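Since the structure is predicted, the reported quantities are computational estimates derived from the model, not experimental observations.
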Amino acid sequence: YYSRTITTQQSTTGCIFVLTKDIDMSSVAFSGIGTTSNSKGFDGTFYGNGHKIKNVSITLTGTTPQGFFGSVGSGTISDVTIENLTVGGDSSSAQYIGGLVGYLNGGKIDNCNIKNVKIAGISGSSGGAVVPRGGLVGYASQGSISNSNITGEISIINNSSTYNNSRIGGLVGYATRTTIENCFVDANMSGVFGGFIGDAESLTISNCSTSGTMTNMNSQYIGGFISYFGRYTKIQNSTSNVNISSSYAGSYCGGFIGYATITGGCTVSNCSASGNVNTTGLDVYTGGFVGGFANNNASDTNIFNNCYATG
């Protein structure tokens with residue numbers, strides 16, 4: 001009933017849903033909540049009450065955002081754990097894909113955890129920007145994420161594409177005008193380009209961390225914490241302890257940031273990278289903290305404050 005309510009254009013504004021027990025969805029056919037073309041998205045409150053939902057398999061449908069929740073507007077998702085989650089199928093036409101939320105558009109996520117997540121990749125080749133994919137959220141805009149984490153395994157599956165992009169992240173694929181605090185990723189990641197965030201723009205991050213491993217990356221930009229660091233982004237008190245192994249030719253690979261387009265308003269303060277960055281292949285630019293910069297502003301000492309790499 002919950003899923004049908006949202007996909008039939010009934011408003012969830014002011015509605016509160018409370019999970020009262022653990023759920024095993026091993027035998028449940030499920031396409032996600034609020035994922036159809038006529039979906040309003042979710043604008044209510046979902047309170048997991050500390051319970052666990054496990055063994056979830058979502059089959060991608062249509063061109064709308066995909067995840068356990070396809071689209072979340074002004075809604076709040078809190079206090080729930082999802083274990084063993086697969087978002088699979090034909091992803092060639094899906095907009096945004098995330099484990100918990102495909103598209104977070106102004107909503108809030110707090111104290112949500114995912115253990116072991118697999119997300120469909122893209123078949124074929126693409127030279128441009130890729131549809132965002134994230135272990136927790138595919139695309140986050142004007143929202144907030146706090147006290148949440150991804151653990152275990154994060155895998156981008158059935159991915160045969162090669163592309164110059166960045167928008168696949170351990171926590172969020174692409175984030176803009178969003179606040180993220182007190183979150184972490186501790187996982188073995190396959191096909192993930194940014195251990196914490198794929199592409200960051202006008203983003204504020206504090207007290208967050210990544211750890212684990214990153215392998216099987218076919219991206220131009222690879223970072224233990226952020227793949228592509230865009231304008232007006234601020235990061236403080238955050239760490240990356242990810243061991244990276246990459247052989248993708250022509251890539252920028254950094255222990256904390258893969259590639260940075262530094263413009264006004266960017267700051268990185270009290271951050272560190274301590275994992276090993278191992279790269280092979282032609283024309284690979286490697287850095288313990290940053291793989292590469294887009295312009296000469298990299299020398300601006302006001303951007304990086306008390307940051308270091310020890311890997």
Exercise. Is there a side chain to side chain contact (heavy atoms under 4.5 Å, CB included) between I156 and I168 once you walk through the steps?
Worked result: CA-CA 9 Å; I156 305 301; I168 300 180; 3.7 Å; yes

For this session: Go through S211 and N241 one step at a time and tell me if the side chain to side chain donor-acceptor pair (under 3.5 Å) criterion holds.
Result: CA-CA 5 Å; S211 57; N241 183 19; 5.9 Å; no

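Shown here are the salt bridge (charged side-chain N to carboxylate O under 4.0 Å, His left out) partners of K54, two or more places apart in sequence or in another chain: there are none. Residues meeting the ring pair (Phe, Tyr, Trp, His ring centres under 6.0 Å) test with F196, sequence neighbours left out: F225. In this structure, the salt bridge (charged side-chain N to carboxylate O under 4.0 Å, His left out) partners of E201, at least two apart in sequence or on a different chain, are R231. For N207, the side-chain contact (heavy atoms from CB on, under 4.5 Å) partners two or more places apart in sequence, or in a different chain, are N182, N237.
In the model, T239 has no side-chain atom that pairs as donor or acceptor with a side-chain atom of S209 under 3.5 Å. The closest side-chain donor-acceptor pair between T64 and Q66 falls under 3.5 angstrom. No hydrogens or angles considered: nothing links the side chains of N111 and N147 as a donor-acceptor pair under 3.5 Å. T151 and D186 form no side-chain donor-acceptor contact under 3.5 Å, judged by distance and modelled atom types alone.
In terms of heavy-atom proximity, P65 sits nearest to G70 at CB-O, 3.2 Å. Heavy atoms only, all atoms of each residue included: T233 and I235 are closest at CG2-CG1, 4.1 Å. The two residues A273 and G288 come nearest to each other via the heavy atoms CB-O, 3.5 Å. Among all heavy-atom pairs drawn from L19 and H51, the shortest one is O-CD2, 3.2 Å. Contact record, Y259 with T261: CE2-CG2, 4.0 Å, taken as the closest heavy-atom pair. For the pair G99 and V87, the tightest heavy-atom approach, listed with the atom from each and the gap, is CA-CG2, 4.5 Å.
No option in F68, F69, F17 other than F69 meets the ring pair (Phe, Tyr, Trp, His ring centres under 6.0 Å) test with F46. The only option from I197, L171, V172 that meets the side chain to side chain contact (heavy atoms under 4.5 Å, CB included) definition with I205 turns out to be I197. Of the options S247, S190, S155, a side chain to side chain contact (heavy atoms under 4.5 Å, CB included) to N216 is made by S190 and by none of the others.
In this structure, V101 is not a member of the same hydrophobic cluster as Y47, with clusters built from ILVMFWY side-chain heavy atoms closer than 4.5 Å. F184 and I145 are not part of a single hydrophobic cluster, where members link through side-chain heavy atoms under 4.5 Å apart. A continuous path of ILVMFWY side-chain contacts below 4.5 Å connects L203 to I303, so both sit in one hydrophobic cluster. A continuous path of ILVMFWY side-chain contacts below 4.5 Å connects F30 to I97, so both sit in one hydrophobic cluster.
When side chains are defined from C-beta on, M189 counts as touching I154, because their heavy atoms get closer than 4.5 Å. With contacts defined as side-chain heavy-atom distances shorter than 4.5 Å, the pair V56/V28 does not qualify. Here the side chains of C271 and F256 are in contact, with some heavy-atom distance below 4.5 Å. Side chains of I53 and V80 form a contact here, defined as non-hydrogen atoms less than 4.5 Å apart. When side chains are defined from C-beta on, I244 counts as touching I222, because their heavy atoms get closer than 4.5 Å.
Taking OG1 of T279 as the reference point, atom CE of M217 lies at 10.0 Å (rounded to 0.5 Å). How far CG of D24 is from CD of E83: 9.5 Å, rounded to the nearest 0.5 Å. The distance from the CD1 atom of I114 to the CG atom of L85 is 5.5 Å, given to the nearest 0.5 Å. Going from atom CG of D43 over to atom OG of S74 covers 3.5 Å, rounded to the nearest 0.5 Å. In this structure, OH on Y285 lies 11.5 Å from OH on Y221, to the nearest 0.5 angstrom. Distance check, rounded to the nearest 0.5 Å: CG of D199 to CZ of R167 gives 4.5 Å.
Judged purely by atom type and a 3.5 angstrom limit, N243 uses its side chain to pair as donor or acceptor with the backbone of N276. Not a single donor-acceptor pair under 3.5 Å links the side chain of T178 to the backbone N or O of A175. Looking only at distances, a side-chain donor or acceptor of S238 sits under 3.5 Å from a matching main-chain atom of Q236. Within the 3.5 Å criterion, the main-chain N or O of G50 finds a donor-acceptor partner in the side chain of D79. Checked by atom type and distance alone, the side chain of T81 never pairs as donor or acceptor with a backbone atom of K52 at under 3.5 Å. At distances below 3.5 Å, not a single donor-acceptor pair connects side-chain atoms of T213 with backbone N or O atoms of N188.
Sorted pairs that involve residues 101-121 and meet salt bridge (charged side-chain N to carboxylate O under 4.0 Å, His left out), not counting sequence neighbours, are lacking altogether.
Think of V284 as one node in a network of Ile, Leu, Val, Met, Phe, Trp and Tyr side chains linked at under 4.5 Å; it has no links at all.
Using cut-offs of 30° and 60° on the angle between ring planes, the pair F289 and F304 is perpendicular.
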